[in-house]
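What follows is one structure encoded as structure tokens, with my remarks underneath.
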Amino acid sequence: MTRGFDELPHPYAAGHRGVDLAAAVGQQVLAAADGTVVFAGTVAGRGVVSVDHAGGLRTTYQPLLPTVAAGDRVTAGQPVGTVVAGHDGCPEQVAACLHWGLRRGEEYLDPLHLVLASPTLRLKPWHR
């Protein structure tokens, strides 16, 4: 990861609403989970793919060359495109970066929660 997700104080605050992952130009980008492609095209000169998933989640991937089209069903791990160079903020020593985003409705979430296991903590009453 070259840049992490920024927890923002409110929806309109400036900040980074996803994570940037170091990648190689031409590397396959895989769907994070089963879903339906709702957008595959160009936004502001960059290739973008957006996939709707169960539970109202939507993942986005950019910049890439899409290999899917809007309306396609994808499964977890299925290629949705290939990385291209040109992501703003990608460190010079890295060939390319993939920006990966996650939303539930209008709320931006840290997409790493989809792939990183987090322990469940249970606090028990403490009686002396």
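Numbers for residues simply follow the sequence, beginning at 1.
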Mind listing the closest non-hydrogen atom pair of [X] and [Y] along with its distance?
X	Y	result
Ala24	Ala96	C-CB, 4.4 Å
Ser50	Arg58	CB-CD, 4.1 Å
Ala13	Leu8	O-CD1, 3.8 Å
Pro111	Phe5	CD-CD1, 4.4 Å
Gly41	Pro66	N-CG, 4.1 Å
Ala85	Ala95	CB-O, 4.2 Å

Taking the side chain as C-beta and beyond, is there a heavy-atom pair between [X] and [Y] under 4.5 Å?
X	Y	answer
Val68	Val74	yes
Leu57	Arg103	no
Leu98	Tyr61	yes
Met1	Leu112	yes
Thr82	Val29	no
Leu21	Trp100	yes
Val84	Val25	no
Thr59	Asp52	no

Got a donor-acceptor contact below 3.5 angstrom from the [X] side chain to the [Y] backbone?
X	Y	result
Glu107	Arg104	no
Thr67	Gly81	yes
Asp34	Ala76	yes

For this session: Can you run down the ring pair (Phe, Tyr, Trp, His ring centres under 6.0 Å) pairs that involve residues 63-88, sequence neighbours left out, and say none if there aren't any?
Result: His87-His99
Seminar exercise, completed: residues 23-47 vs ring pair (Phe, Tyr, Trp, His ring centres under 6.0 Å), sequence neighbours excluded, gives none
Exercise. Who passes side-chain hydrogen bond (donor to acceptor under 3.5 Å, both in side chains) against Asp6, sequence neighbours left out?
Worked result: none
From [atom1] ([X]) to [atom2] ([Y]), nearest 0.5 Å:
X	Y	atom1	atom2	value
Cys90	Arg3	SG	CZ	11.5 Å
Arg17	Thr60	CZ	OG1	12.0 Å
Leu114	His53	CG	NE2	7.5 Å

For this session: Consider only side-chain heavy atoms of I, L, V, M, F, W and Y, link residues closer than 4.5 Å, and tell whether Val19 and Leu64 are in one cluster.
Result: yes
For this session: Could you tell me whether the side chains of Arg73 and Thr36 share a donor-acceptor contact shorter than 3.5 Å?
Result: yes
